[in-house]
Amino acid sequence: MILRLPLWAGPLAALAVTGCMAPPAPIKPEIPPAAAGRFADLPVATLDPVPEDWWRLYEDPALDSLVEASLLANADLRVAYANLEGARAASRLARAARLPTTTIESALTVDDPGNQPGAVSVPASDWDIAATASWDIDLFGRLRSGALAASADAEAQAAALDGVRVAVVADTVQAYLESCAASQAIAEARAVAAAQERSLALVREQLLAGEVSPLEVSQAATLAASTRAGIAPFEAARANALYRLTTLRGRPPAEVRVDGPGCTMIPAPEGAGAAGDGTALLLRRPDVREAERRLQPLPPGSAWRAPTSIPASIWAGRWACSRAVSTRPYRR
């Protein structure tokens, strides 16, 4: 018995066999329910969403201006912006590859054989026009997987940009708070040193009156000197914080003393700080979002190029027209 198959059975079988080569769909990560609860009941924090400009919770105009200057002067942010624009352009290119493409060509040729010996002087113009259309119908998901890879790469670059921005803002706020804390510590240490100097003067007067011994005077002088020596580390910490602020703003080191912030007390946020829940914390962290997009299951290949192991199905068509036109009557 001979089994005869129709002509379309062969291509259909080939499609069925190669259909298993389609890439798998990306797996969306699931957040465990335990991460959605609160971490602790604290009177200084709430579960309200954290604002994007969280440093404005301090309500300090000097800090706001420092953060804006640091964001404008940071070169890593400009590099991250450029990488993000490149990834978005690659994503648009991958999505455009799924659309039909058309090409229109035209040409005009003027032939004048009048200057050639023995040729008839019949100038003519050849006018050609052609149109080509093609479309990859993407039966096996090759272009779709490439678009998903490009989209994932763009989202990873966006998360990397957010990470750089968070790091710049955090460094600026930390340096500003450290300068404020050092300034407050310097003021308090100087007040204590002044009180001990007055105490030392009283002990010396008591020594002249014969009420205390020289040992007590020496102890009071040692304590006053120790307090004065403790001021220098606070001054060094404040200078370190000011140098960091100057570097973050892209300023020369010579401006560290002239353009330093005049903060003398540690600012405190108004009211309870917004901390959010566990899920919001995970979704807010740029490094977690970037790692998820980098580790997303994708077909083999580079970040945005479609894999070459998946077959392509392209439909194409072409239309052309040619016409010769004589520019003057025929003469012998």
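Scope of the values below: all heavy atoms of this structure, side chains included, with no hydrogens, waters or symmetry mates.
Checking each of L66, N74, V67, L248 against V169 for a side chain to side chain contact (heavy atoms under 4.5 Å, CB included) leaves exactly one that passes, namely V67.
Side-chain atoms of R249 come within 3.5 Å of backbone N or O of L245 as a donor-acceptor pair. In this structure, T172 contributes its side chain and V168 its backbone to a donor-acceptor pair below 3.5 Å. Using a distance-only test at 3.5 Å, with no hydrogens or angles considered, a donor-acceptor pair links the side chain of T222 to the main chain of S218. Remark: the backbone N or O of A159 is not paired with any side-chain donor or acceptor of E290 at under 3.5 angstrom.
Between R190 and E235 a salt bridge is recorded (basic side-chain N to carboxylate O distance below 4.0 Å).
Residue pairs that meet the disulfide (SG to SG under 2.5 Å) test with at least one member in residues 129-164, sequence neighbours left out, do not exist here. Screening residues 205-222 for salt bridge (Lys or Arg N to Asp or Glu O under 4.0 Å), with sequence neighbours left out, gives no hits. Applying the salt bridge (Lys or Arg N to Asp or Glu O under 4.0 Å) rule to pairs touching residues 55-71 yields D53-R56, R56-D64, R56-E68, sequence neighbours excluded.
For S91 against A150, the heavy-atom pair with the smallest separation is CA-CB, 3.5 Å. Taking all atoms of both residues into account, the shortest heavy-atom contact from A241 to A175 is CB-O, 3.4 Å. Taking all atoms of both residues into account, the shortest heavy-atom contact from A154 to L84 is O-CD1, 3.6 Å. The two residues A62 and S65 make their nearest non-hydrogen contact at O-OG, 2.7 Å. Pairing each heavy atom of G163 with each of P286, the nearest pair is N-CB, 3.4 Å.
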Query - Verdict with supporting geometry, R204 and V212, side chain to side chain contact (heavy atoms under 4.5 Å, CB included) - result: CA-CA 8 Å; R204 286 174 177 173; V212 296; over 6 Å; no
Requested in this report: Evaluate side chain to side chain contact (heavy atoms under 4.5 Å, CB included) for L200 paired with Q196, printing each intermediate quantity in order.
Outcome: CA-CA 6 Å; L200 177 59; Q196 291 181 352; over 6 Å; no
Query raised in the report: Does the pair R238 and S183 meet the rule for a side-chain hydrogen bond (donor to acceptor under 3.5 Å, both in side chains), with working shown?
Result: CA-CA 7 Å; R238 183 176 184 273; S183 299; 2.6 Å; yes
Query raised in the report: Checking side chain to side chain contact (heavy atoms under 4.5 Å, CB included) for the pair E178/R244: CA distance, chi angles, key distance, verdict?
Result: CA-CA 10 Å; E178 289 180 0; R244 287 159 54 195; 2.5 Å; yes
**Report entry** Candidate pair T132 and T103, rule side-chain hydrogen bond (donor to acceptor under 3.5 Å, both in side chains), full reasoning
**Finding:** CA-CA 5 Å; T132 304; T103 304; 5.8 Å; no
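Put simply, CG on D76 and OH on Y81 are 12.5 Å apart, with the number rounded to the nearest 0.5 Å. For the atom pair CD of Q157 and CG of N83, the computed distance is 5.0 Å after rounding to the nearest 0.5 Å. Atom CD in Q174 sits 11.0 Å away from atom OG in S179 (nearest 0.5 Å). With rounding to the nearest 0.5 angstrom, the CD1 atom of I266 is 10.0 Å from the OH atom of Y58. Summarising the geometry, atom CG belonging to L71 is positioned 6.0 Å from atom CG belonging to L77; distances are rounded to the nearest 0.5 Å. Residue L202 holds its CG atom at 12.5 Å from CG of L207, rounded to the nearest 0.5 Å.
Both W54 and L177 are assigned to one and the same hydrophobic cluster, defined by single-linkage of ILVMFWY side chains at heavy-atom distances under 4.5 Å. Note: the hydrophobic cluster containing V166 does not contain L63 (ILVMFWY, side chain heavy atoms under 4.5 Å, direct or indirect links).
Heavy-atom neighbours of I104 CD1 from other residues, nucleotides or ligands within 6.0 Å: at or below the threshold of 12.
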